[in-house]
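Predicted model, so just to flag it, every value in this text is computed and none were measured.
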Amino acid sequence: MLAAGEQQLIEAARVDDAWSLLEEISSFVREHPVDVDRSVEMVAAALRTQGIPAQVSQMELYLSLPGAASVEADGVTYRAKPSAMSVAVPGGLTGRLVYVPGHKDMITSLLDPDQDAGGLRGLIDGRIVITDGIAGPGVVSSFAPLGAIGVIAINPGQEIHSAICTPIWGNPELRDLAKKPTIPVVSVNNPDGMTLKQLARTNTQVTITSALEEDWFTSSYVSVDIEGQVEPDKFVMLHGHIDSWDVGVGDNGTGVVTMFEVARLLWERRAELRRSVRVCWWPGHSTGRYAGSSWYADAFAIDLAENCVAQINCDSPGCRWATAYIDLFCMPEAIPFLSAAVKDTTGADAETMRPFRAADWSFNNLGVTGILGLSSTMPPELVAEKGYYRVGGNGGNIEWHTERDRIEIADRDIMLKDVRLYALATFRVANADILPFDFRLAAEEHLAALDRYQSISEFIDLAPAIEACRDLQAALTRFHDAIDAGLDPATANAIILDLERALVPAHFAVQGQFQQDPALDTPPLPAIALIQQLPKLDATKARFAKTQIVRGRNQIVAAFRRARQRIDQEGI
């Protein structure tokens, strides 16, 4: 149900100015930092035209800018794209081709989990592997350790999708350098891939050629701070990337201008805001594996850890045919909040999902509750009707990450609807008397994960974590009873913020508070998720795994106890 001020907020939304800005920034390729800087200045100028004090700043980013690539076999040259952060081979790399099935899923692109990776080593070692899917980090992590000297990824459609294959999230640390990709990785389209797949049956020799520019770059970003009136130090952060593959209208030109319109709406209502709103447009998303947002998480770590109450990511809104609100990234504590915002602005029922390690979610280790990434998308029945495959943005349009992601991908009416969603969600977090996050829902997920992990193996005793989780659940019940009985909002909000800092990393991170986990799968309670692999390990490896899991269990128990003790401190 919309309050009066909220109704006025969404009724004031418009997209004419946003659409003009979209046409402007989508008239050129936004991959190289020079071109990204140009788009940053355009957004800043558009904000200032509305009287909004936009700030343009610089960051130092480690980026990989793909150039030309090809695959040559039997005298025929096939068009290809190099995966960012892969090894460049401008002079060519020649080897025998071998086909290994991968997941057809465009997003995963890992080896089939039922395959015997050890048994594949003799087949792969010294060969160029051709496999199915996107040329992401799973390709390198699957095949490089088995001795592959290069990888060709067969994309599922007519177009080739740009990709990045490093598992390193953002700017690498010195100790990360050993994790950098060590082999060339390129993608081909499906028709060419099928031809090459057939050639692999006869051990045909192929040559991969690829060019990339990999280095440190200075890149600009734009931000807006809209100060709250009651708790100005506390803020909700709305953010998304301003760079794209090619001109990138649906990913993420529409997100850039959606945030512009939300900034305009909230700036006009700044006198009504309880907390502050920070809006940021990041570079380095595509060519640096979220380098811009992770740089910001490093540079402003203390401010974020002390004051950021939530992060809301805006990626690929406002695309054609995207009328469903399903697979929405949302941490469990925020699900009721997001579901209400979707219903109140679109009339649709939201379907949320556990956020996987993607988008510009660079704030998990800092313990910030996260909401959204993608928003509207095509209904599954329409995807099936059109014969599309799954992609990671663009509202489900398969032009994602290709040169065909042009202005016709955007839709004015759907963009207006998504503007209203992002505006209302941001406004509600900023204005809530008590932050709208219920960690009883997170604790339910924690306990379910613990029970599932314990059922997999009795080799490790998870009873201490289960007990700590149940104690936390009891404390959270008392806490919410106290809220219902009129607990002082300032006290409630201080507790909720501390719950975020303790429980978000436990559920979504392994590395420390000021680190970044890799861009790989993050199961629930990831510090102990290795327990899922125990049935496949021999007795010796299982003992090493036990050491790792016990340490992870201790980490989780400490987080649960810290959260419970914070509630106990208030005598609740």
Side-chain angles (χ1 to χ4, degrees), residues 29-32 35 62-100 102 106 109 127-144 148-167 180-200 204-215 217 243-248 251 286-289 391-392 398-405:
V29 174
R30 300 190 311 284
E31 294 182 11
H32 195 284
D35 299 309
Y62 191 75
L63 306 176
S64 175
L65 308 175
S70 65
V71 176
E72 189 275 331
D74 278 357
V76 178
T77 300
Y78 300 90
R79 184 172 64 97
K81 285 184 180 180
S83 187
M85 295 292 178
S86 63
V87 172
V89 282
L93 172 78
T94 299
R96 297 289 176 182
L97 196 61
V98 60
Y99 171 71
V100 179
M106 189 66 181
S109 185
R127 303 289 187 96
I128 294 175
V129 172
I130 185 164
T131 189
D132 312 284
I134 187 174
V139 164
V140 175
S141 64
S142 294
F143 298 118
I149 62 172
V151 174
I152 302 169
I154 305 172
N155 285 187
Q158 184 66 42
E159 302 300 322
I160 305 175
H161 299 272
S162 296
I164 184 168
C165 65
T166 180
K180 287 178 85 281
T182 56
I183 58 176
V185 179
V186 302
S187 300
V188 295
N189 70 11
N190 196 260
D192 291 346
M194 292 301 101
T195 301
L196 291 167
K197 180 178 172 180
Q198 291 300 316
L199 293 176
T204 298
Q205 185 168 276
V206 301
T207 299
I208 294 174
T209 303
S210 67
L212 299 100
E213 180 184 3
E214 185 175 314
D215 206 345
F217 294 86
D243 65 315
S244 290
W245 290 117
D246 203 76
V247 303
D251 185 9
S286 301
T287 56
R289 182 63 78 187
V391 294
I398 57 174
E399 289 79 4
W400 173 75
H401 284 197
T402 75
E403 294 81 358
R404 294 184 61 197
D405 184 8

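Counting all heavy atoms, side chain and backbone alike, Ala163 lies closest to Ile134 at CB-CG1, 3.8 Å. Considering all non-hydrogen atoms of both residues, Pro82 and Gly67 come closest at CD-O, 3.4 Å. In this structure, Cys165 and Ala135 approach most closely via the heavy-atom pair CB-O, 3.5 Å.
Judged as a side-chain hydrogen bond (donor to acceptor under 3.5 Å, both in side chains), and not counting sequence neighbours, the contacts of Thr207 are Thr94. Shown here are the side chain to side chain contact (heavy atoms under 4.5 Å, CB included) partners of Ala148, two or more places apart in sequence or in another chain: Ile124, Val129, Phe143. Taking Ser64 as the reference, Ala84, Met85, Leu212, Glu214 meet the side chain to side chain contact (heavy atoms under 4.5 Å, CB included) condition, with sequence neighbours excluded. Residues passing the side-chain hydrogen bond (donor to acceptor under 3.5 Å, both in side chains) test with Asp405, sequence neighbours excluded: Asn394. Judged as a side chain to side chain contact (heavy atoms under 4.5 Å, CB included), and not counting sequence neighbours, the contacts of Gln198 are Arg201. Taking Arg127 as the reference, Asn203 meet the side-chain hydrogen bond (donor to acceptor under 3.5 Å, both in side chains) condition, with sequence neighbours excluded. Residues passing the side-chain hydrogen bond (donor to acceptor under 3.5 Å, both in side chains) test with Asp35: none are found, sequence neighbours excluded.
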task: Evaluate the criterion side chain to side chain contact (heavy atoms under 4.5 Å, CB included) for residue pair Val87 and Ile183; output intermediate values, then yes/no.
output: CA-CA 5 Å; Val87 172; Ile183 58 176; 5.5 Å; no
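Note that NZ of Lys197 is 13.5 Å distant from CD1 of Ile152, once rounded to the nearest 0.5 Å. Here His401 contributes atom NE2 and Ile160 contributes atom CD1; the two are 14.5 Å apart, rounded to the nearest 0.5 Å. A distance of 7.0 Å separates CD1 of Ile398 from CZ of Arg404, quoted to the nearest 0.5 Å. Of the inter-residue distances, the one linking Leu97 atom CG with Leu199 atom CG reads 7.5 Å to the nearest 0.5 angstrom. A distance of 7.5 Å separates OG1 of Thr204 from CZ of Arg96, quoted to the nearest 0.5 Å.
Sorted by first then second residue, the side-chain hydrogen bond (donor to acceptor under 3.5 Å, both in side chains) pairs that include residues 77-89, not counting sequence neighbours, are Lys81-Ser162, Lys81-Glu403. Residue pairs meeting the salt bridge (charged side-chain N to carboxylate O under 4.0 Å, His left out) criterion with at least one partner in residues 69-78, sequence neighbours excluded, do not occur; the list is empty.
Of the candidates Val140, Ile130, Val139, Val151 forms a side-chain contact (heavy atoms from CB on, under 4.5 Å) with just one, namely Val139.
Remark: side-chain polar atoms of Ser141 are paired, donor with acceptor, to backbone N or O of Pro137 under 3.5 angstrom. Under the 3.5 Å distance criterion, the side-chain polar atoms of Arg30 are matched with a main-chain donor or acceptor of Val247. Side-chain atoms of Asp243 come within 3.5 Å of backbone N or O of Ser286 as a donor-acceptor pair. Here the side chain of Thr402 pairs no donor or acceptor atom with the backbone of His161 at under 3.5 angstrom. Of the possible donor and acceptor atoms, one in the side chain of Thr131 sits under 3.5 Å from a partner among the backbone N and O of Val100.
In this structure, the side chains of Asp132 and Tyr99 come closer than 4.5 Å at one or more pairs of heavy atoms. Taking the side chain as every heavy atom from C-beta outward, Ile128 and Ile149 approach each other to under 4.5 Å.
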Would you tabulate the side-chain donor-acceptor contacts of residues 184-196 under 3.5 Å, counting partners in other chains and residues two or more places apart, or write 'none'?
unit_1: Asn189; atom_1: OD1; unit_2: Asp192; atom_2: N; d: 3.0
unit_1: Asn189; atom_1: ND2; unit_2: Gln158; atom_2: O; d: 3.0
unit_1: Asn190; atom_1: ND2; unit_2: Asn155; atom_2: O; d: 3.1
unit_1: Thr195; atom_1: OG1; unit_2: Pro191; atom_2: O; d: 3.3

